[in-house]
2 protein chains.
Amino acid sequence: MSIEAEMNRGFLQILALVALEESLYGYRMLKNFEEIGYTVEENTLYPLLRRLEQAGLINSKWSISQDRPRKFYHITPKGRKVREKLLTIRRTQNMVLEKVLEAQKNGKKAE
Amino acid sequence: MSIEAEMNRGFLQILALVALEESLYGYRMLKNFEEIGYTVEENTLYPLLRRLEQAGLINSKWSISQDRPRKFYHITPKGRKVREKLLTIRRTQNMVLEKVLEAQKNGKKAE
DNA sequence: TGATATACTGTATGATATACAGTATTGTAT
DNA sequence: ATACAATACTGTATATCATACAGTATATCA
């Protein structure tokens, strides 16, 4: 795995938990994310969904009413709690990153 | 590893590459990050620094001029390139996240 | 003098992104 | 009608990384 690919870790968890406030099946999420400029591989998303379900953060049910069987996922109350925690972590990280970038710009060399 | 801990992945790479525009040794980075509100475990940072060096993104030299031997790290040109790429990825992710959060707020249920 | 902080090293473990291989249906072009 | 791409999944394998664990050695201060 490349250093750039490593960036997906953590982030896709949040994205999925936010998106699954609405009921969605895997393939649809994939296409939705792609539309808004974030391409995710199915090899990444499907196993993630399985893990999130195992952790009780989302649940699933098969829908056979449509033309083709689809597994719809939806966030659970536990998932909502974790989602808020993750969003907080992410925002803290953004603030920390801004601070360190700012410190560089203001030239620490002088010290 | 918990889902929350997973959030470190990717992020600490960027943070280190930004911080190492200035020459620093591991323990100092640890304390710097702690000061600005981001606690990192040494078990996380030290192996990361080894990996970044192996990948040629940072280099190191021992300093024995002080009271105690310290390994100072510094970013390489290659490291700067990767850093910019990672910052771009991070910013894209933030934008994508905002979009999905916004879409939820504006109630997709009606559709 | 003995505990605590500093400042590292090396290897092990477990979780995850991605890879690989496979199943089955639907829609479209030939 | 028939092949081909797109849809929509499943299951297991591999490699990388965060974290754990264990260890070394000097400095500081009660």
Side-chain angles (χ1 to χ4, degrees), chain A residues 1-17 20 23-35 38-58 60-73 82 86 89 93, chain B residues 1-17 20 23-35 38-55 57-73 82 86 89 93:
Chain A
M1 211 190 324
S2 76
I3 286 188
E4 285 136 67
E6 184 73 10
M7 293 294 294
N8 282 132
R9 295 186 92 129
F11 178 65
L12 193 54
Q13 291 180 342
I14 300 189
L15 201 58
L17 289 176
L20 287 175
S23 272
L24 286 172
Y25 58 98
Y27 202 79
R28 183 104 296 272
M29 291 180 69
L30 231 43
K31 295 299 160 187
N32 283 355
F33 293 156
E34 203 167 6
E35 255 176 58
Y38 198 75
T39 302
V40 182
E41 293 191 36
E42 48 176 340
N43 273 332
T44 302
L45 185 65
Y46 285 121
L48 172 68
L49 292 173
R50 293 177 216 155
R51 282 199 304 279
L52 292 179
E53 182 169 26
Q54 262 204 328
L57 307 185
I58 62 177
S60 71
K61 59 175 173 230
W62 280 97
S63 158
I64 46 167
S65 62
Q66 288 114 328
D67 49 6
R68 158 199 328 245
R70 287 176 179 139
K71 199 175 190 176
F72 278 81
Y73 290 96
V82 171
L86 298 186
I89 292 175
Q93 288 179 343
Chain B
M1 213 188 325
S2 77
I3 286 187
E4 286 137 67
E6 185 72 9
M7 294 294 295
N8 282 132
R9 295 186 91 129
F11 177 66
L12 194 54
Q13 292 179 343
I14 300 188
L15 201 58
L17 289 176
L20 287 176
S23 272
L24 286 171
Y25 57 98
Y27 202 80
R28 181 106 295 272
M29 292 181 69
L30 230 43
K31 295 299 162 188
N32 284 355
F33 294 155
E34 204 168 4
E35 254 175 58
Y38 198 75
T39 302
V40 182
E41 292 191 38
E42 49 177 340
N43 274 332
T44 302
L45 184 64
Y46 284 122
L48 172 67
L49 291 173
R50 292 177 216 154
R51 283 198 303 277
L52 292 178
E53 183 170 26
Q54 262 205 327
L57 307 186
I58 62 177
N59 55 33
S60 70
K61 60 175 174 227
W62 281 98
S63 158
I64 44 166
S65 61
Q66 290 115 325
D67 50 5
R68 160 199 325 243
R70 286 177 180 139
K71 199 174 189 176
F72 277 80
Y73 290 95
V82 171
L86 297 186
I89 292 174
Q93 288 178 343

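Chain identifiers are assigned alphabetically (A, B, ...) following the order of the sequence lines, protein sequences preceding nucleic acid strands; residue numbering begins at 1 within each chain.
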To the nearest Å, give me how far apart CD (B:Glu34) and C1' (C:dT6) are.
-> 13 Å
Are the aromatic rings of A:Tyr27 and A:Tyr46 close, with centres under 6.0 Å apart?
-> no
Is A:Leu52 close to B:Ile3 at the side-chain level, that is, under 4.5 Å between some pair of heavy atoms?
-> yes
Specify the separation, in whole Å, of atom CD of A:Glu6 and atom P of D:dA15.
-> 16 Å
side-chain hydrogen bond (donor to acceptor under 3.5 Å, both in side chains) partner of A:Asn32, chosen from A:Arg28, A:Glu34, A:Glu35 = A:Arg28
With nearest nucleotides of DNA chain D determined for A:Arg70 and B:Leu48 from heavy-atom distances, which residue corresponds to the more 5′ nucleotide?
-> A:Arg70
A:Met29 has an atom CE; how far is it from atom P of D:dC9, in whole Å?
-> 11 Å
5'-most contact on DNA chain D (nearest-nucleotide basis), A:Asp67 vs A:Pro47, goes to A:Asp67
Can you list the stems that include DNA chain D, where a stem is three or more consecutive Watson-Crick or G-U pairs with distances under 3.5 Å?
-> C:1-30 with D:1-30
Does a side-chain N or O from A:Asn43 land closer than 4.0 Å to OP1 or OP2 of C:dC20, or not?
-> no
D:dT10 P sits how many Å from A:Glu42 CD, rounded?
-> 11 Å
Residue set satisfying side chain to side chain donor-acceptor pair (under 3.5 Å) with B:Ser63, at least two apart, ordered chain then number -> B:Ser65, B:Gln66
Whole-Å gap separating P (C:dT16) and CZ (A:Phe11) | 18 Å
Could you tell me whether B:Arg50 contacts a base, only the sugar-phosphate backbone, or nothing, with contacts defined as non-hydrogen atoms closer than 4.0 Å?
-> base
Checking C:dC8, C:dT16, D:dC9 against the side chain of A:Tyr46 (C-beta onward), the nearest is D:dC9
Which pair of heavy atoms, one from B:Gly10 and one from A:Met7, lies closest together, and at what distance?
-> O-SD, 3.6 Å
Value in whole Å for how far the P atom of D:dG11 lies from CG of A:Leu49 = 13 Å
Relative to the 5' end of DNA chain C, which residue comes earlier, A:Val40 or A:Pro69, by the nucleotide with the nearest heavy atom?
-> A:Val40
Distance in angstrom units between B:Ile14 CD1 and D:dC17 C1', rounded = 16 Å
State which of C:dT18, D:dA27, D:dA8 makes the closest approach to the side chain of B:Arg68.
-> D:dA27
So CZ of A:Phe33 and CG of A:Leu24: to nearest 0.5 Å the spacing works out to 7.5 Å
Rounding to a whole Å, what distance do you find between A:Leu45:CG and D:dT7:C1'?
-> 14 Å
Is any side-chain nitrogen or oxygen of A:Lys31 closer than 4.0 Å to OP1 or OP2 of D:dT7?
-> yes
Output the single nucleotide from C:dA7, C:dA19, C:dT18 whose closest atom is nearest the side chain of B:Tyr27.
-> C:dA7
Any B:Leu49 side-chain heavy atom under 4.5 Å of B:Leu20 side chain = yes
